[in-house]
Amino acid sequence: ALPIYKEIMKKVFAIAALTIAGFASKAQVASTATQTVNLNLSNAIELTFTGSGTATGAAVNLAFNTVNDYANGVSSSTQELKVRSNRKFGVTVKTNNANFSYTGATSPAPVMPVSGVLDLRVP
């Protein structure tokens, strides 16, 4: 009776060994890795006039043709400025000259100050 018991145990061990080998062959191996990324961010800003596509807008010509134009002022077409920035920003406007330039034959040339005459409207 003992040899049959040994034979059965051999078969059980063989089946157990095959089962373990089968599980081991299907086992998935997991691994992890880490990577440090440093971002060196600088303040960035870009100003572009949409009409010209550059940082220099097209010339704005204001025609004063009547007394009413002088009394009430005139308006230019819309001048659109696009601002792209990675930070908060504010837009301020200033002129390069204290007076408007004059082109014409009148002598002495008339002088018109920018201050108090030119308004900027932001819709």
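- Note on Y102 and V111: separate hydrophobic clusters, where clusters join Ile, Leu, Val, Met, Phe, Trp and Tyr whose side-chain heavy atoms are under 4.5 Å apart, directly or indirectly.
- Transitive grouping of hydrophobic side chains (ILVMFWY, heavy atoms separated by less than 4.5 Å) brings V60 and V74 into a common cluster.
- For the residue pair N68 / N72, a side-chain donor-acceptor distance below 3.5 Å is found, with atom types taken as modelled.
- In terms of heavy-atom proximity, A44 sits nearest to S85 at O-OG, 3.1 Å.
- Taking NZ from K82 and OG1 from T50, the interatomic distance works out to 8.5 Å, rounded to the nearest 0.5 Å.
- Remark: the backbone N or O of P110 is not paired with any side-chain donor or acceptor of N99 at under 3.5 angstrom.
- Annotation for L62 and S76: closest pair CD2-CB, 3.6 Å, computed over non-hydrogen atoms.
- Cluster annotation: I45 is connected to F49 through the hydrophobic network of ILVMFWY side chains, with a link wherever side-chain heavy atoms come within less than 4.5 Å.
- Looking only at side-chain heavy atoms (C-beta outward), N97 and V114 stay at 4.5 Å or farther from each other.
- Interatomic distance, L81 CG to T48 OG1, rounded to the nearest 0.5 Å: 7.5 Å.
- Side-chain contact annotation: T54 with S52, donor-acceptor N/O pair under 3.5 Å present.
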